[in-house]
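Okay, structure first, notes after.
Note that these values count all heavy atoms, side chains included, but never hydrogens, waters or copies made by symmetry. As the structure lists them, so they are numbered: ligands from 1, and atoms in each ligand from 1.
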Amino acid sequence: MQTMGQQQKRRSWAEPYKIKMVEPLKMTSRPEREKAIAEAGYNTFLLRSDDVYIDLLTDSGTSAMSDRQWAGLMMGDEAYAGSRNFYDLEEKVRQYYGYRFMVPTHQGRGAEHLISKALISDGDFIPGNMYFTTTRLHQELAGGTFVDVIIDEAHDPQNSHPFKGNVDLAKVAALIDRVGADKIPYLSIAGTVNMAGGQPVSMANVRELRTLLNRHGIKLYLDATRMIENAYFIKEREEGYQDRTIAEILLEFCNYTDGAWMSAKKDHLVNIGGWLAVNDEAVFQKISNLVVIYEGLHTYGGMAGRDMQALAIGITEAVQYDHIRARVEQVRYLGNLLLDWSIPIVRPIGSHAIFLDALAIYSHLPQEVFPAQSLAAELYVDSGIRAMERGIVSAGRDAQTGAHRLPKLELVRLTIPRRVYTQSHMDVVAEAVKEVYDKRKEATGLKMVYEPEYLRFFQARFERL
Ligand SMILES: *Cc1c(COP(=O)(O)O)cnc(C)c1O
């Protein structure tokens with residue numbers, strides 16, 4: 001029980017913005033949703049967004065832009081070459097991330113394609129702190145083999161390590177011993193590891209990693225997509241960083257790396273865009289040559305001038321403490337509601353999403369009948385809330401043996417778009433998850449009836465068992 005004194009001390013936080021324009025939501029009936037999900041092959045990626053009530057499929061490109069960013073759209077300089085918006089963007093990337101050279105790309109995977117092609121040769125190994133779907137695929141397509149070097153704690157959804165995204169230096173050293181440093185062009189490190197549940201990397205870890213790699217002449221490249229969220233956790237949890245700004249932490253972290261790729265659709269509060277930035281001039285020459293083949297001229301890289309402007313402004317908003325705090329705390333608010341009801345989720349609560357532990361919730365279902373895929377479908381049928389699978393379907397098949405990869409984590413991701421939904425929406429989501437959780441014993445699982453060759457989770461189709 002709270003005493004009066006504690007109640008008087010209570011201080012709520014609120015979103016650091018007010019609403020100027022609204023987008024009405026569509027409500028559907030349960031029979032309509034049953035029909036929609038069957039037509040979508042029980043894959044939430046194949047639903048029409050018009051049939052969705054609260055869309056937590058992804059936080060990628062789904063952010064609400066600010067009035068300043070919309071104003072930026074009107075400042076588009078659509079010159080083919082040398083657009084003023086490019087120079088604005090370049091300046092912001094230099095200022096906040098510290099890299100010397102930058103090429104824009106249409107989105108994150110465009111940048112991953114370029115860096116993988118520029119640096120990886122056939123037979124190389126690329127260690128990383130847990131895979132990300134598109135990152136690993138581009139490394140493999142370039143002839144490389146991805147090796148997971150994240151700490152073991154990251155694979156345990158109940159382990160509450162504060163920096164579950166950390167690299168295990170012993171695993172890196174063992175890989176160097178096994179294949180030789182000349183077979184490892186770079187280590188790819190992601191800030192807040194999406195697939196581990198949005199878990200951060202500590203500054204101490206990246207610093208030690210840099211030292212180890214320097215001894216062997218191995219480069220370090222950063223997936224900076226969610227690095228601002230990572231900086232928030234460093235400020236919150238790491239000794240010595242409480243009084244540092246988000247921008248200072250971001251810059252210090254990047255300083256330990258040789259370059260970064262970015263999906264601006266995440267941290268940077270835009271609907272489309274990305275970039276690749278490096279310090280090494282020879283690498284820059286390679287990527288600016290590749291960008292004209294695959295993306296567009298090196299001063300637009302697949303983006304309209306206006307989009308580069310919205311992105312440049314988004315960077316300056318994304319590093320504001322009030323913004324990033326509200327972003328992470330909203331996710332935590334939802335997670336804490338679920339924990340209050342003892343619903344199994346990945347802990348600690350990450351920065352961008354709540355991950356339901358489908359193996360624990362559907363403990364009666366084997367992984368081969370796709371528990372997380374089923375749970376996402378049931379949640380949609382119950383309430384019109386769209387989530388996504390992050391488990392056996394997303395993990396795909398082993399490139400050598402062709403067998404399903406069986407990830408230890410079988411999760412449903414409820415991803416919160418930035419600045420889009422309110423705390424009341426979070427209440428509704430929590431209640432819907434509770435409803436599905438209470439009916440968990442009725443679930444029977446799915447069978448896959450169509451499987452695409454690449455990134456199968458996007459387009460695979462299922463039927464109820
Ligand atoms: C989204 C994402 C990517 C890929 O970016 P796209 O813009 O979707 O192509 C790469 N890495 C991480 C960590 C991501 O979250």
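In terms of polar-atom proximity, Gly273 is not counted as a contact of ligand 1, lacking any N or O under 3.5 Å from an N or O of the ligand. When only interatomic distances are considered, the shortest N/O to N/O separation between Trp261 and ligand 1 does not fall below 3.5 Å.
Between Arg418 and Asp59 there is a salt bridge, since at least one side-chain N of the basic residue sits less than 4.0 Å from a carboxylate O of the acidic one. Ion pair Arg456/Glu451 flagged as a salt bridge, since at least one NZ, NE, NH1 or NH2 atom sits closer than 4.0 Å to an Asp/Glu carboxylate oxygen. Glu317 has a carboxylate O that lies under 4.0 Å from a charged side-chain N of Arg419, or vice versa, which qualifies the two as a salt bridge.
Aromatic ring pairs are classed by plane angle as parallel below 30°, tilted from 30° to 60° and perpendicular above 60°; the pair His268 and Tyr97 is perpendicular.
Exactly one residue among Phe458, Phe132, Tyr131 makes a side chain to side chain contact (heavy atoms under 4.5 Å, CB included) with Ser394. That residue is Tyr131.
Thr134 OG1, 3.4 Å is the protein heavy atom nearest to atom 4 (C) of ligand 1. The protein atom (non-hydrogen) at minimum distance from atom 6 (P) of ligand 1 is Gln107 NE2, 3.3 Å. Looking from atom 3 (C) of ligand 1 to the surrounding protein, the closest heavy atom is Phe132 CE2, 3.3 Å. Looking only at protein heavy atoms, the nearest one to atom 8 (O) of ligand 1 is Arg109 NH2, 3.0 Å. The nearest protein atom to atom 10 (C) of ligand 1, hydrogens excluded, is given as Glu112 OE2, 3.1 Å; this is a heavy-atom distance. Counting protein heavy atoms only, atom 1 (C) of ligand 1 is closest to Lys266 NZ, 1.5 Å.
For ligand 1 and Arg226, the ligand atoms under 4.0 Å from any heavy atom of the residue are 15 (O). Close approach to Gly108 involves these atoms of ligand 1, each under 4.0 Å from a residue heavy atom: 5 (O), 6 (P), 7 (O), 9 (O).
Checked against the 6.0 Å centroid threshold, Phe101 and Phe284 count as a close aromatic pair. Outside the 6.0 Å centre-distance limit, the rings of Tyr300 and Phe86 are not counted as a close aromatic pair.
The salt bridge (Lys or Arg N to Asp or Glu O under 4.0 Å) check on Asp124 picks up nothing, with sequence neighbours excluded.
For atom 7 (O) of ligand 1, the choice among Gly198, Gly191, Ser263 with the nearest heavy atom turns out to be Ser263. Comparing Asn194, Asp223, Thr192 against atom 13 (C) of ligand 1, the shortest heavy-atom distance belongs to Asp223.
Only side-chain heavy atoms of Lys265 come within less than 4.0 Å of ligand 1; its backbone N, CA, C and O stay farther off.
Contacts classified as salt bridge (charged side-chain N to carboxylate O under 4.0 Å, His left out) and involving residues 303-316 (residues at least two apart or in different chains) are given here: Glu78-Arg306.
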